[in-house]
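Here's the structure we're looking at; comments come further down.
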Amino acid sequence: MEIIDVNLQDKIIYQHNAITSGRYDYSACMLDILFMILSGLETGKREYLISVKEIELITGRIWNYQQLRISTEMIGSRMFEIETADSYEQLWLFSKVKYIKGNGIFEIKINEEALPYFFDLKNNFTSMQLKSVLNCSSKYAKRFYALACQWRSVGKKRFEISELKKILGLINKKGEEQFTEITAFKKFVLEIAKKQINENTDIQFDYELMKKGRAYHWIT
């Protein structure tokens, strides 16, 4: 099995819209692994080898190997929640993650049930510039970049703040919420995403918060 070899020059990756706007909490490291797989997809192929050095060369960031091992352990168990008008689905994208000791290479196998979200996407996909999304170091910047690419042709998209937080993994199953104060949400999520996207990607990103009564309720 060959290691994924990526040429960043104008490399475009395609991601199913259900993954783009699904509810899940991936770290920046885990998202980079996902994007590397998307960059090397081959029809019918389920297993992929990824080199740590390859990602470090692309991003210019050194990966902590302990962090990597934690990420590869977690990525196989993280659930995606995908909701449509007709159904609510809980899905695991990967069925196996194996870390090969001593050489900075790991193997990931796509879950058979998740194959429709990787292949034969037809019109239901988001196209992104691989270099742009990898250049962002914040997991929130990566997610907002993908969402912005999904709605690029429209130019804007309005979310309820609570729904957006669920998409970003900031509200868990127990209803526990991070960054409950709007000032903290702006400082640690929105402003960081805005700065990184505008400095490192092929799009310009901004947002507007809107109130319902006395509290902020929507974000555009």
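Basis for what follows: all heavy atoms, side chains included, without hydrogens, waters or symmetry-related copies. Source: prediction; values computed, not measured.
Closest of all the heavy-atom pairs between Ser138 and Ala28 is C-CB, 4.5 Å. Phe118 and Leu41 get closest at one heavy-atom pair: O-CD1, 3.5 Å. Considering every non-hydrogen atom in both Leu168 and Val189, the closest pair reads CD1-CG1, 4.2 Å. Heavy-atom minimum distance, Tyr117 versus His16: O-CB, 3.4 Å. For Ile82 against Ala18, the heavy-atom pair with the smallest separation is CG2-CB, 3.5 Å. The two residues Leu121 and Pro116 come nearest to each other via the heavy atoms CD2-O, 3.6 Å.
Screening residues 143-157 for salt bridge (Lys or Arg N to Asp or Glu O under 4.0 Å) gives Arg152-Asp202 as the qualifying pairs, with residues at least two apart or on separate chains.
Phe188 and Tyr216 fall within the same hydrophobic cluster, where Ile, Leu, Val, Met, Phe, Trp and Tyr residues are linked whenever their side-chain heavy atoms come under 4.5 Å apart, directly or through other members. Taken together through direct or relayed side-chain contacts under 4.5 Å among Ile, Leu, Val, Met, Phe, Trp and Tyr, Ile192 and Ile161 form parts of separate hydrophobic clusters. In the hydrophobic cluster analysis, where Ile, Leu, Val, Met, Phe, Trp and Tyr join through side-chain heavy atoms closer than 4.5 angstrom, Leu209 is grouped together with Tyr140. Side-chain heavy atoms closer than 4.5 Å link hydrophobic residues (I, L, V, M, F, W, Y) into clusters, and following such links, even through other members, never connects Leu134 to Ile12. Ile33 and Trp92 fall into different hydrophobic clusters, defined by Ile, Leu, Val, Met, Phe, Trp and Tyr side-chain heavy atoms under 4.5 Å apart, directly or through other members.
Atom NZ of Lys96 sits in a crowded spot, with more than 12 heavy atoms from other residues, nucleotides or ligands closer than 6.0 Å. Within a 6.0 Å sphere centred on CD of Glu89, heavy atoms belonging to other residues, nucleotides or ligands number more than 12. Around the CD atom of Glu176, the shell of radius 6.0 Å holds more than 12 heavy atoms that belong to other residues, nucleotides or ligands.
Residue Gln178 is tested with Asn172, Ile171, Leu170 for a side chain to side chain contact (heavy atoms under 4.5 Å, CB included); the sole match is Leu170. The one candidate from Asn200, Ile197, Asn135 that meets the side chain to side chain contact (heavy atoms under 4.5 Å, CB included) condition with Tyr145 is Ile197. Shown are Lys194, Lys186, Glu191; of these, the side-chain hydrogen bond (donor to acceptor under 3.5 Å, both in side chains) with Tyr207 is made only by Glu191.
Listed by chain and number, the residues in a side-chain contact (heavy atoms from CB on, under 4.5 Å) with Lys173 are Met79, Glu81, Tyr88, Gln90 (sequence neighbours excluded).
Ring-centre distance between Phe205 and Phe144: below the 6.0 Å cut-off. For Tyr26 and Phe80, the distance between ring centers is under 6.0 angstrom.
Checked by atom type, the side-chain pair Thr20/Gln150 shows no donor-acceptor distance below 3.5 Å. Using a 3.5 Å distance cut-off with no hydrogens or angles, the side chains of Gln196 and Ser137 do pair a donor with an acceptor.
Checking side-chain atoms of Lys98 against main-chain N and O of Ile108 turns up no donor-acceptor pair under 3.5 Å. Remark: the backbone N or O of Lys109 is not paired with any side-chain donor or acceptor of Arg46 at under 3.5 angstrom. For the pair Asn17 (side chain) and Thr126 (backbone), a donor-acceptor distance under 3.5 Å is present. Within the 3.5 Å criterion, the main-chain N or O of Lys45 finds a donor-acceptor partner in the side chain of Tyr48. Within the 3.5 Å criterion, the main-chain N or O of Ser95 finds no donor-acceptor partner in the side chain of Asn111.
Between Lys11 and Lys131 there is no side-chain heavy-atom pair separated by less than 4.5 Å.
Cation-pi geometry between Lys165 and Phe179 is not satisfied (NZ or CZ under 6.0 Å from the ring centre, within 45° of the ring normal).
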